[in-house]
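Heads up: the structure comes next, in structure tokens.
This structure is a prediction, so every number in the text was calculated from the model and none was measured. In what follows, residues are counted from 1 in the order of the sequence shown. Atom set for the values below is all heavy atoms of this structure, side chains included, hydrogens, waters and symmetry mates excluded.
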Amino acid sequence: MSELKALLFDVDGTLAETEEVHRESFNGAFAGAGLDWHWSQEMYRELLAVTGGKERIKHFLATHKPEFAAPGDLDAFVAGLHAAKTQIYTDTVAGGRVPLRPGVERLIQEARAAGLRLAIATTTTPANVTALLQASLAEDAEDWFEVIAAGSMVPKKKPAPDIYFYTLEKMNLKPSECLAFEDSENGLKAAMQADLPTLLTESFYTEGQDFSGAAIRMDHLGEPDMPCTILEGDSAIGSYVTVDFLKQLHRSVLSNAA
């Protein structure tokens with residue numbers, strides 16, 4: 001049986017509840033461009049079915065603003081909006097407004113101490129990842145992760161498995177040697193298509209999505225004084241996620257698959 005060697009983390013919604021900051025940043029970029037567009041929480045929940053910020057704007061235009069005529073090239077217009085949104089987002093995160101979800105920092109530190117390898121596998125842009133890691137963990141937090149696979153490093157974004165295939169190849173690891181951490185249906189689909197056992201922590205914008213196939217589903221990773229609620233899976237493993245918890249989960253998943 002393969003030994004657990006690495007933890008692969010999604011970012012938005014998984015490490016931190018960042019999606020609301022993304023939504024506000026999109027709206028700020030729209031206002032800055034003189035557009036009267038406003039994405040409510042309900043609309044943003046709908047738009048999150050599309051991964052990637054530029055892709056999300058184009059989907060919004062196609063479904064909600066079909067009459068809109070971009071000034072000049074559409075791709076360039078959307079890229080400009082997205083760049084403005086990214087600047088607003090990174091400035092906000094750098095200001096320390098976005099705390100990590102319960103248990104995230106503790107687990108990452110425990111994993112480092114235990115010699116587990118770490119990686120990021122996300123569809124958000126590298127600048128967004130950098131801003132969050134530096135503001136929430138440490139100035140050198142990027143160095144804690146062997147691979148940071150982000151943005152447009154692969155042809156297709158989640159729910160396609162490309163970002164996970166890329167990460168596994170860079171780390172020279174088999175899926176059975178890893179655990180993925182996700183918060184969304186699209187992320188789970190991507191991980192599962194890469195044959196990665198996946199721990200799912202629901203987030204504000206993903207509650208109620210289809211999480212069939214997750215190795216375990218919970219509300220958050222938990223802390224010693226803030227137990228997690230296991231929504232689906234073996235509740236006997238523990239009341240918060242530790243390295244030992246993950247090793248037991250990993251063994252259980254591989255045993256059931258054998």
Side-chain angles (χ1 to χ4, degrees), residues 6-23 25-26 44 47-57 82-83 85-87 89-90 92-94 98-101 103-105 107-108 111 116-137 141-171 173 175 178-194 196-206 209 211 214 220-221:
L7 308 181
L8 316 182
F9 291 93
D10 172 53
V11 174
D12 291 322
T14 301
L15 295 185
E17 289 276 16
T18 53
E19 293 296 4
E20 182 63 8
V21 185
H22 281 295
R23 183 185 73 86
S25 300
F26 276 112
Y44 196 59
L47 292 172
L48 281 173
V50 178
T51 52
K54 292 188 287 291
E55 292 83 354
R56 204 165 292 145
I57 295 171
H82 187 255
K85 173 260 171 185
T86 297
Q87 187 62 56
Y89 175 87
T90 54
T92 302
V93 171
V98 188
L100 297 176
R101 294 186 67 185
V104 169
E105 181 174 6
L107 180 62
I108 288 174
L116 289 175
R117 299 162 68 184
L118 303 176
I120 296 289
T122 180
T123 57
T124 199
T125 63
N128 291 344
V129 177
T130 298
L132 181 66
L133 295 181
Q134 290 184 347
S136 302
L137 289 173
E142 286 176 284
D143 296 335
W144 302 359
F145 297 86
E146 187 173 330
V147 173
I148 295 182
S152 301
M153 292 181 178
V154 292
K156 295 180 181 178
K157 295 183 178 181
K158 299 173 184 178
D162 300 33
I163 200 74
Y164 279 117
F165 288 148
Y166 174 90
T167 304
L168 291 168
E169 181 181 0
K170 288 290 184 182
M171 299 179 80
L173 288 171
C178 308
L179 276 175
F181 291 72
E182 285 284 356
D183 77 299
S184 70
E185 181 178 349
N186 279 336
L188 176 60
K189 286 180 177 177
M192 289 178 61
Q193 288 184 80
L196 285 161
T198 306
L199 184 153
L200 197 294
T201 51
E202 292 187 358
S203 63
F204 174 77
Y205 277 105
T206 65
Q209 293 183 359
F211 299 126
H220 52 72
L221 298 178

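Separation of atoms CG (Leu173) and CZ (Arg117) is listed at 4.0 Å; rounding is to 0.5 Å. Note that CD of Gln87 and OG of Ser25 are 10.5 Å apart. Values are rounded to the nearest 0.5 Å. The structure places CZ of Phe181 at 8.5 Å from OG1 of Thr201, a figure rounded to the nearest 0.5 Å. Here CG of Leu132 is found 5.5 Å from OH of Tyr89. Values are rounded to the nearest 0.5 Å. Interatomic distance, OG1 of Thr124 versus CD of Glu19, reported as 8.0 Å (0.5 Å rounding). The distance from the CG atom of Leu199 to the CG atom of Leu179 is 7.0 Å, given to the nearest 0.5 Å.
Heavy-atom minimum distance, Ala194 versus Pro161: N-CB, 4.0 Å. Shown here for Met171 and Leu118, the closest heavy-atom pair between the two residues is CE-O, 4.1 Å. Across all non-hydrogen atoms, the minimal contact from Glu105 to Leu100 is CB-CD1, 4.0 Å. In this structure, Ser136 and Val98 approach most closely via the heavy-atom pair OG-O, 3.3 Å. The shortest heavy-atom contact between Tyr164 and Ala121 is CE2-CB, 3.6 Å. Of all heavy-atom pairs spanning Pro175 and Pro197, the tightest one is O-CD, 3.7 Å.
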What verdict does the side chain to side chain contact (heavy atoms under 4.5 Å, CB included) test give for Val154 and Phe165, after you've listed the backbone C-alpha separation in whole Å, the side-chain angles of each residue and the deciding distance to 0.1 Å? CA-CA 9 Å; Val154 292; Phe165 288 148; over 6 Å; no

Should Val129 and Phe9 be marked as a side chain to side chain contact (heavy atoms under 4.5 Å, CB included) after you check the CA-CA gap, both sets of side-chain angles, and the distance that decides it? CA-CA 11 Å; Val129 177; Phe9 291 93; over 6 Å; no

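Between Asp10 and Lys158 there is a salt bridge, with a side-chain nitrogen of the basic residue lying less than 4.0 Å from a carboxylate oxygen of the acidic one.
Between Tyr44 and Phe26, the ring-plane angle classifies as tilted under the 30° and 60° cut-offs.
For Glu142, the side chain to side chain contact (heavy atoms under 4.5 Å, CB included) partners at least two apart in sequence or on another chain are Thr130, Leu133, Gln134, Ile148. Every residue two or more places apart in sequence or in another chain was checked for a salt bridge (Lys or Arg N to Asp or Glu O under 4.0 Å) with Lys54, and none qualifies.
Not a single donor-acceptor pair under 3.5 Å links the side chain of Glu185 to the backbone N or O of Gln209. Put simply, the side chain of Thr206 never gets that close to the backbone of Glu202: no donor and acceptor are under 3.5 Å apart. For Arg101 (side chain) and Gly13 (main-chain N/O), a donor-acceptor pair under 3.5 Å exists by modelled atom type. A donor-acceptor contact shorter than 3.5 Å links the side chain of Asn186 to the backbone of Ala49.
Partner of Ile120 under the side chain to side chain contact (heavy atoms under 4.5 Å, CB included) criterion, out of Leu15, Thr14, Leu8: Leu15 alone.
Between Thr90 and Thr125, every side-chain heavy-atom pair lies at or beyond the 4.5 Å cut-off. Using a 4.5 Å cut-off on side-chain heavy atoms (C-beta onward), Asn128 and Lys85 make contact. The closest side-chain heavy-atom distance from Ser184 to Lys189 is not below 4.5 Å. For the pair Thr122 and Ile163, the minimum side-chain heavy-atom distance is 4.5 Å or more.
For Tyr205 and Glu17, the side-chain atoms include no donor-acceptor pair closer than 3.5 Å.
Counting non-hydrogen atoms of other residues, nucleotides and ligands closer than 6.0 Å to CD of Glu146 gives a total above 12.
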